[in-house]
Structures are given as C-alpha cells and as structure tokens.
Amino acid sequence: MRLFLVFVITSLLLACSNSVGPETPDEMRVELKQDSLPGMLRVKPTNASVTLGTNAPLSLDREHPSMKVQIDYSFSIGRHEVTCGDFNAKMVPETGLKLECENDSLPATNLTYYDAVLYANEMSKAIGLDTVYTYTDVSFDDAHHCTGIEGLVFHPEVDAYRLPTETEWMLVANKNWNPKKGWVAENSDYKLHKVCSLEKNANVPCDMVGNAMEWSNDWLGKFLDTTVVNYVGAPDGGSLGERVIKGGSYQTTEKNLFIFSRGDVYAVTSSTRAVYVGFRLGFGSIPEAMWIDYKGSTIVSRALPLLNTASIRKFTKTYKMRLAFRNNISGNLSLLDYSSGVLYVKEIADTMPVYHPEISPDGRFVAFCTGLEGVSGKSEIYVRSLDIEDGSVVKLDVKNAAIPRWRILENGDTVIVYVTDAGNNKEKSTFAKMETWQVPFRKGSFRKPKKLFDGAYHGGISTDRRLAVTGARLLRARIAESGATVTGKARDTVWYGGEQACNVSLSQDSAKKTLFLDFGGKAGQEFVGESYRTHERILVADSTGKLIQSVAAPDGYTFDHAEWVRGRSDLAVATLSNSNGSHVKIVLVQMDDGKVVDLVEGDDLWHPNFWAYTPMNFSKFKVEPDSAGVYMKADDDVGAVLMRFNMELIWRYRDSANVVVVGSSRPLNSVSPWSFNKDFFVVNLAQTPNSIYTSRDILDLYVYKHFKKLKYIIISLDIDFWYKIDGPGGDNFFATRYADYPGYVYDMNHGYWESGYPEGLLEYTENYLTVSDEPNFVRDRGRLLGINCRSWGEDVEAEMDSTLYDNQQYLLDDNMAALEGIIKKAQEHDVNVVGVIFPQSPAFKKTGAFGRYGLRRSTAKKLIEKIEKLDESYPNFKLMDENKMGNHDYPDAFAADTDHLCIIGAPTMTRRINAVLRTFE
C-alpha cells in the first residue's frame, strides 16, 4: 500500500540547497559508543542541543520554523535499521507477520508504525522489561500487519525499547550527515541495500541518510520559534493522525535530501506502509518529556483516548458522539469527536477558566461556566461554537450565572437553564436566595433571560417539567403539584435523608432518574449492603427520591464529576480519581450491569460531558445496518477517507449533478464546483492516490448508474504517472482495497444498485465515521480547501526515472487504452469528456522530464499528440493542455508546489474549464 497524499499538498522540492543541514560539531557535544545492548549505540549528550525544522525559503509548514531542543538525558539508538531477518524472527511467532525480503540483511520495510511498536514491545519483553507502549486492543489485516492499536499510550518514563524520537534521531544524524555517502537515487539502483556490518566502524550509525526512510516515535506537530527541553513531538496526531518519518531513501536524490525533512510527499499515518520506509530502535526513559500541541503550546500533560468509536458504539448505538471536559492542569476546555476516524483531544486555550462544560442537544455548541459547583462567588456563562468554520464564543450578559444545562422546550426552542449561585446549599435560607433561570439560545446568540423559580436547581429539570434536582451539599428536589410544573406550584424537599451529596444529574428522558455521589452515607450503605468510601459508588434515585441503583468504582479508584449521557438513563460518564486525588481517567459507566469502560487517560481531567446523537429512525430503511455506508475504518489512511467522502457526495448529489470531476490530487485541489456557471452543477470526485483505472471504475460502478442528469466528465490526464498498472501491485482502490470495506462489498453484491438507489444509503453513510474538524478538508462539493500558496519552485527534479518507459512502452499503451475506453463509454451515455493536463513547474523545462514523476519530454510530446487526435474519432472529447510543456501562464502565486495549484489558482483553472464545457453547447 502506498503512503497517501497529504491533505495540504506540498513538495519536497525546496528552493534551497542541501547546505541547510546539521549543526556545527562544536554545538553537538554528544558521545557515541557501543552499548551493552546488541546492535545499539549509547548516546551521552552533555549540554547538547539540536535544531529541528528550518527557516529556509519555501520550507513546508510541517518543517517551519526552526526550533532548538535541549536534551539532558542519555539514551540508546540502533546502529542500523532493524533487518528483515531480525524482524521476522521476532514477529512471525508473535503475530504471524512475515515480511517479504530478498535478503535477511536488508532493512525491514513495508510495515506500519504499529508493526514497529509491537516489535519494540517484544524486544522489551524478551529481556524482562515493562513495555514503553501499552494498549487495550489490536487489529490486523489478512497479511498480519497491525493496522490499528486501540488505546495506544506511549510512556516516556519507562526504560525499555521504543522508537527514537525526532529529537534523538536528529541528534545522532547530525554527527555524520552526508547525502553523498548514503544509498540514494544516484547510487542505489533504486533498491534497498544490506545494513552496515557491526564489525566495521562500530561506533558510527549508518544509513540515516538513505537506504530506507525511518519511522520516528513522534506524532507530527508544530514547531515553535523558541527553545524547549526533551521534546517528544505532539501529544496526538491531530485530525489527520500523521506521524514523523526521518531520513531519505534509496529513491531520494541528493538534491532533495534534507536533514530537517519530517515526512514524505504522502501523508504518513500509523496504519500506512511503504516499501521504502523502515525503522531503527531506540531505548531509554525520557525524563520530564515535553509535547507541543496542535496550537503550538508546550505541555507536559496529555489527555489520551483509550477506546475507539467502534467500541463505544456498542453502548451508544451511534457513531456521532462527542466528549467535552476540563483539563485541570491547563484549565482549558478539551473536546474529543468520536465521529472522526482519527481520535485526538482538541484543547482550546481561552483566557477565561472553564468548568462544567455541556454540549448542546444538536452537538453544535458547548456551554460552560467560570465558577465551580459548591463554591459561591463570581461566575459567567459562555457558549462556544463547535463548528470548525466558526469557532465563535459568546457570553451571557447577566450579573452572575453558573452550571449551564441545555433543554429543549415543548415548542422546540433551545434554552439554557442556569443558576445565580452554585455554592453550598446546606442552609435553607441561603439556598432560598439563589435562583434558577433560563435563557433562549438561537442562531448563535443569547436572547432574553427569564427567572423560573427560587433555589439553585442546577442538577437539571425533567423533560415533563415536573421535577428539578440539585446538590452542592444536600440532595434537594423541587416537585410539581398535581397538574402543575416546577415553574408553578411546587414544593421543595430534601432527599437522601439529609446526608451529604454532590454531582447531581437528572436524566433527560422519561425515566427521570437522579444520579449522584455521596460521602459513604448511612442511607447509601444500607441500600448497598456494605460500607464504602467517599465517592466510591454512583447512586441513582427514582423520580420519588427512592434509591434504585448503585455502581461501584473500579478497585483503587473513586468516582467524581458523574453525569448522565444526554438523553440516556442507562449510560453515565464520570472521572476516576486515584489514591493521590488526581482525576486520571474519564470513564463511561453502563448502569444496567455496572460495567466501567475507560475513555480517556490524563493527569487531571474534570467535568466530563458526553453527547451521543439520537439517531433518526433507521428501521424504515431496508438496508443492512452493519454494511450500508461503511466505507472507511477508524485511523484509516487518506486514500480511504477521500473515497468515503466521494461516496457521500455520490449518494447526496446523484439526482442533481450534471458534471462530475474525476482524477488525482491536481483537480482535487483546483477544480471548484462552486465556481462554475449556474448551468453546471458539479461534483468533484477526485482523490488520491489515483490512477486512470480508478477514475474509470468509479465512473462505471457508480456515476453512470446513478447520475441521471450527467452530461459532462472532467478527468485529469496525469501522464507523468502513467506508469501505474491496473490490478494487484497498482493503487486502483477498486482493484486492491475494495474488499476491505463492508460498504463497497455490499454495493457490489447488489450490482451497485443499478436497479435503483436504496433509501437510507445516504443517511447511513453520513452517520458513519468521517473527518469532521479539519478546516482544509473536503468542502465545495468535493474540493480540498485552503491549499497554501507557495511557488512552482526553481530547483526541481523528477522523483522517478524518466527512462522508465523506454523498455516498458506497454505501460503508456495500457493507460492510453483506458482513457480511450472512458471516452467511448461516455459517448455511449451521451456524455462529453474534458481531459485536463494540469500545469506543473516551468522549471521542468530545464530537465529531461515532463513533470514531477518523470516521463521523457520527447515521449510526453508524442503522447500528448496522440491524445489530441482522439477528438477526431470522438467528438464528445476535448483536451485542455494547461501545462503546455511548461510554457503555461499560471504564475508562482498560483502554485502550491511543483505540480499543484493552490487556493488562489483554483478560480482561474475552474473558469477555463467552464469555458470549454460551454463549447459543447
């Protein structure tokens, strides 16, 4: 499987020389010598620092700016990459994974990050050590590659085998970085070579420059223009789940080898693999490890998801779930969106403190206050939009407001119920001076607040408005008289025998169950039948205050911050405190059987609020719920994610679109459906990786069958990668990976619904996994937004051998035949085709290559001439050569990199395609 193209499409071809590299030796006070561990070097820094990233012109976002890292601990690193023989010897007995390699002394490659992690763990266990990586579950593909690890946690404090951090790798690579002395494109014959012998130069690491690129331990995150200590990457992979890989490979040219590079031209996720990516081992604990989050803030505290969406869905019956909580170390609001295929905790840094967050009924907003339950004093309420394209925050303009609770009124209005003071409610006279209010919230704004009644009932009001509860010392209830509501005639009472209670939450369903924590009170112990400690049990009372349920905390922990999951009285969310009083976990509690499931782990996590979408009635749809719309997996790669979005577009616009775009990342970036003339309703189904065979198959299998108004097809003609083949060994999604996803198999087994679209398929697709909070992801009916503008680049070089086709003319012939087949099929359906050759860097004119992926320029000219002649046989076809062998008129300002237009260039490209479509009329 190839590594997949990064969302923000960029290039490794930088307009700078490879003199931008390692630090000078006097800055690198590092001792390297043989380690007692076989095959390892011991690295002993003395007041050492290393520079990560670069400030070089046109450097990539992920490599900018340069950041200095001080490292004050010793560690070990493999002298060479782990060999195929060593890897297989360890992993075949453990997981059944056997890598194919011509020689056992070649680097182990074509493996996932997860495969490397499991190998490191096995190495640790082999010498009786705890493992650096812990997890709750693993998943494997048919070849026994590990494609997912649920609840994966990296423990830097553990002294054992692991992958080296980017900082450690750079520190060692700086000692002998020389692109001319590695196995690179100029001398490798485009293949792997044996790792270096341990007998020769035993104190020098080898192959850090070339041979195989290498997994590092780090998530890919931002750099800061500052100095940090013991940097270990980002706390998580963000919305794309990207990892850092280092060094070049046997197919990288000297000119494109940079020590600061952090990845490939393709996005590197934990589950992807490539024949040119391997790894070397690291060893040793990292004291006071420092992370930098996605906003560029340094942190020493992480919040890590432990359970994936599929596992939680067993309890919630939906993929649409969100979790909000307070990180008590930073004081910030943290969010986790389970509807995303990549799980990560998004922390929002605000100037105001954040307590008691609660997600709105529709999942679009989160309300929170600045005051704490049980503490009187100043508190304000804010509502923050969870829409990534908005992100606004508004304040409720009242004197004092605390503990927001969302409600939906009988007329459909959404309101927030709040109290004027959330302090201790023990004294009746004091409690009577507190008040409960509600305020409508519409279109992102607060409306006029209204007082409901006296008393601070911040535990919630029942859906029938006949019960309200609260607890900040006593468990108090407000009960409506017959025929009335709590806002009218009602009595106030105290439940639970007047014993101490807190964390009161009233379920928002017809059951009207009240959940709370106590302090090991007499009433609770009598109900349970045994003694217990403070907060050791969650208690539940019915609508009359009678105890009906109890759930015990796991051994060694106590509960805190317990709340019902919205709309449910069978599921609760809470934190677990350890013996030190730190809230180290957020858990989901299945109340019926008392099962406690770990959701998130961290140093001190407070006030969790779990929102689960109440799904529509899917029972009316006659499709298979476990297969329909299941077009991607958790932690999937970009290629599968883009195909999943394409399927959603297909089912949503099948009755509307008359123009469909297919092809590679080039039209994915730069053909904007929104920018076409109103006569053209366009859907962009381009994706990456792409071949002309993928475009052919998505048209044949889905587009022709379902786009009844289809009149035009726009297809990218990426002749520089017409080296691709159909079937096994290629990257045609429909020939290689189709069967891995139940949704596509389901479609295939039903003839791709040629007899008629089954109602519910769109709804099931929409309600399955997605990538929901990446602002530059698929919008504009299928275009990637926000592609940064840089330059075409002046110092370019093809990434593949331009002579590839000299003895393999059949590759070009097969791709050409596929194109002609697409045009012919379109003609049969009375559909016109526009083939677009997208612009690439004009600097390729100075080389022997047509473009980024090679192809002799002389061969390209002949190929384009053949394509031009197709319109003689097929009047439904027109060629748009927007590259013109590099003589195009798209300026530097329009370019994202050597072969992609950016967000500024997209309107021009779209306008020109629009004009060609008009010529068919």
Measuring only between side-chain heavy atoms, which start at C-beta, is [X] closer than 4.5 Å to [Y]?
X      : Y      : result
Glu288 : Val229 : no
Leu281 : Val82  : yes
Leu343 : Thr309 : yes
Trp215 : Asp115 : no
Glu168 : Asn217 : no
Val132 : Phe154 : yes
Arg262 : Asp218 : no

Test of understanding: with salt bridge (charged side-chain N to carboxylate O under 4.0 Å, His left out), list the residues that count as partners of [X], not counting sequence neighbours.
X      : result
Asp598 : Lys585
Glu648 : Arg644, Arg652
Lys246 : Glu166

(message) List the residues meeting side-chain hydrogen bond (donor to acceptor under 3.5 Å, both in side chains) with Glu81, not counting sequence neighbours, and say none if there are none.
(response)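 Applying side-chain hydrogen bond (donor to acceptor under 3.5 Å, both in side chains) to Glu81 gives none.
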(message) Holding to side-chain hydrogen bond (donor to acceptor under 3.5 Å, both in side chains), I want the full list of residues that pass it with Ser139, two or more places apart in sequence or in another chain.
(response) none
What residues form a ring pair (Phe, Tyr, Trp, His ring centres under 6.0 Å) with [X], not counting sequence neighbours?
X      : value
Tyr119 : Phe87, Phe279
Phe610 : Tyr338
Trp219 : none
Tyr382 : Phe368

(message) Between the side chains of Arg666 and Asp899, is the shortest nitrogen-to-carboxylate-oxygen separation below 4.0 Å, so that they form an ion pair?
(response)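 Result for this pair is yes, salt bridge flagged.
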Nearest heavy-atom pair of [X] and [Y]: which atoms, and what distance?
X      : Y      : answer
Thr370 : Pro353 : CG2-O, 3.4 Å
Cys902 : Asn788 : CB-O, 3.4 Å
Gly363 : Leu386 : O-CD1, 3.6 Å

side-chain contact (heavy atoms from CB on, under 4.5 Å) against [X], all qualifying residues, sequence neighbours excluded:
X      : value
Ala906 : Ser670, Arg783
Ser330 : Asn327, Asn332, Glu347
Thr167 : Val50, Leu52, Val69, Ile71, Thr165, Tyr231

(message) How about CG on Asp225, more than 12 heavy atoms from neighbouring residues, nucleotides or ligands closer than 6.0 Å, or not?
(response)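 No, because the 6.0 Å sphere around CG of Asp225 holds 12 heavy atoms or fewer from other groups.
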(message) Name the residue from Tyr161, Phe75, Tyr73 that meets the ring pair (Phe, Tyr, Trp, His ring centres under 6.0 Å) definition with Phe283.
(response)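 The residue from Tyr161, Phe75, Tyr73 that satisfies ring pair (Phe, Tyr, Trp, His ring centres under 6.0 Å) with Phe283 turns out to be Tyr161.
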I need the [X] [atom1] to [Y] [atom2] distance, nearest 0.5 Å.
X      : Y      : atom1 : atom2 : answer
Asn328 : His607 : CG    : NE2   : 8.0 Å
Ile245 : Arg243 : CD1   : CZ    : 12.5 Å
Ile77  : Met208 : CD1   : CE    : 4.5 Å

(message) Ring-plane angle category for Trp606 and Tyr355, please: parallel below 30°, perpendicular beyond 60°, tilted otherwise.
(response)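 Geometry flag for Tyr355 against Trp606: tilted rings.
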